[in-house]
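What follows is a single structure, written as structure tokens, with notes after it.
Per chain, numbering begins at 1; letters A, B, ... match sequence-line order.
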There are 2 protein chains.
Amino acid sequence: MKSTNAYYISDYNIPIREYFIFGLSVDCVIFGYQEGEIKVLLVQRSLEPFKDHWALIGDLVEPEQNLCDAANNVLEKLTGLKNIYMKQFFAFGSIDRHPLDRVVTVGYFSVVNSLSYNPIASSWAKSAEWFSINELPELAFDHYTILQKGIETLKHEVRHKPTGFELLPTKFTLLELQLLYEALLGYKFDKSNFRKKILEMNILQPLNEFKENVAHRPAKLFQFDEKRYKVLEEKGFSFEL
Amino acid sequence: MKSTNAYYISDYNIPIREYFIFGLSVDCVIFGYQEGEIKVLLVQRSLEPFKDHWALIGDLVEPEQNLCDAANNVLEKLTGLKNIYMKQFFAFGSIDRHPLDRVVTVGYFSVVNSLSYNPIASSWAKSAEWFSINELPELAFDHYTILQKGIETLKHEVRHKPTGFELLPTKFTLLELQLLYEALLGYKFDKSNFRKKILEMNILQPLNEFKENVAHRPAKLFQFDEKRYKVLEEKGFSFEL
DNA sequence: TCAAAAGTGTTCCGAATACACCCATGC
DNA sequence: GCATGGGTGTATTCGGAACACTTTTGA
């Protein structure tokens, strides 16, 4: 830290020790998708307070650590996943949100293909599990509030940015994509219209591969064309669903 | 504060003194509308660091104060305005954002009718002034970044919620409303279509009053019907422009 | 041959757009 | 009368919703 010796910081002109008493943490809402349902990754706490309660993964921010780095570290520690896109959605700072001290927490969310790794239980967590966002256990602290705000943000973002693709395997069929969006948004699409709309966007790359071992006509596989999307975005195109 | 005596907080199991060193502040982006331009309220700092630079209004959060209360207090202290809707838009926590210490700041914005009061210069600010968002001075700290993020959030919100009405006097003509939205969004509307769209929403209350002293046919005055909007919103209506 | 999903084409309707036109007022 | 903005009506276009239909595979 720089100059913590100064008793006053002149721009506010108040005694530093009285005001520099905030703890700062990040909490991460990690979304996945399994069995047609949107899931969220929770851990069971092995320490007081809220021992044995389920909670979002999170940690205190180090004095020399940026917020987004803290969020990425939390995710990596639990899942081993690196360089995942994480989006800050809200800061929670109620006086009473933490039973022991004044801790302000910043909520981040990210969206991962939940089949690509196994969560790792750590020193502060007994176990980690995926929960459907429709069947949540009781949560520690104000994590229920944070989670709901995260879900709200996800549902909004998913309609305006191609965030949803991260939830699927790299190669997917159009029906898989449709079912994902139906789970995310809570309503049905017409098959024909959904296909038309998404294909006209020109952000899906058709592959010369097909689903295998299915008891019906095998569907063509597609993958999200990130490069093409970036180009279109610069030209003013905006994803809407 | 509660239990600051405890050297360890058990849920994270780390020494408290090493981690509870964050300062927390709020910074407010106050939008107004004058002469067909979107304006933002800035103050000129009378103290180091960044003495004489222009800055957003903001302050440290008190140990026993909620974030949104802190934001409201800042606004009230400078303008005398109470109970104004303020929306949190982002938390800024880069290690180097403050030259003296680690201060995390939470950005809020609000939107006011800028003619209804006079800003008050305070002990820490020489003067307060409205600046067009297209002609900004150099700003203190990372306030330029915060302001840009605030503008981005405003431009988004304004399309999906009837936020814009707060920028106008209570009673306004449809053309005034149209010009405001053109300034906010950066493009023109067709007069007839704009009227049709906004009137069909049924959220404007027509008054039996007209503009006076104008060198053309006097325009009918309207006011935003907050109650009616709330009712419609509950029924699932959503404002879109 | 049947079930199940893949994949296509077409009609219909409403909303957005473009544009033309008349109205009221002050100077 | 004419400049200025107020205010209305309508034809056209475009995209979305609804839905019917054909195709391909495994069992």
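Comparing D:dT10, C:dA16, C:dT25 by their nearest atom to the side chain of B:K196 picks out D:dT10. Distances from the side chain of A:S192 to the nucleotides D:dG26, C:dT8, C:dG7 place C:dT8 closest. Nearest to the side chain of A:K191, among D:dC19, C:dA6, D:dT8, sits C:dA6. Comparing atom distances between the B:N193 side chain and each of D:dT8, C:dA6, C:dT17 picks out C:dT17 as nearest.
Atoms CD (A:E200) and P (D:dG15) sit 8 Å apart, rounded to a whole Å. Atoms CD (B:E240) and P (C:dG14) sit 20 Å apart, rounded to a whole Å. Going from atom CG of B:L199 over to atom P of D:dG9 covers 12 Å, rounded to whole Å. Atom NZ of B:K220 is separated from atom P of D:dG7 by 8 Å (rounded to the nearest Å). Taking atom CD of B:Q178 as the reference point, atom C1' of D:dG7 lies 12 Å away to the nearest angstrom. Regarding B:L174, its CG atom lies at a distance of 9 Å from the C1' atom of D:dG7, rounded to whole Å. In this structure, B:K211 places its NZ atom 12 Å from C1' of D:dG5, rounding to the nearest Å. Note: CZ (B:R195) to P (C:dA18) measures 18 Å, nearest angstrom.
Where B:T173 and A:R217 meet DNA chain D, the nucleotide closest to each residue was compared, and B:T173 sits on the side nearer the 5' end. Nearer the 5' end of DNA chain C, as judged by each residue's closest nucleotide, is the contact made by A:A219, out of A:A219 and B:P218.
The main-chain N or O of B:L56 is found under 3.5 Å from a side-chain atom of B:H143 such that the two form a donor-acceptor pair. A distance-only check finds no donor-acceptor pair linking the side chain of B:N66 to the backbone of B:D69 [under 3.5 Å].
Backbone-only contact: B:L175 has heavy atoms under 4.0 Å from sugar-phosphate atoms and none from a base.
A donor-acceptor contact under 3.5 angstrom links the side chains of A:E240 and A:H160, judged on distance only. For B:Q178 and B:E182, the side-chain atoms include at least one donor-acceptor pair closer than 3.5 Å.
Classification of B:E176 and B:K211 as a salt-bridged pair holds, one side-chain N sitting under 4.0 Å from a carboxylate O.
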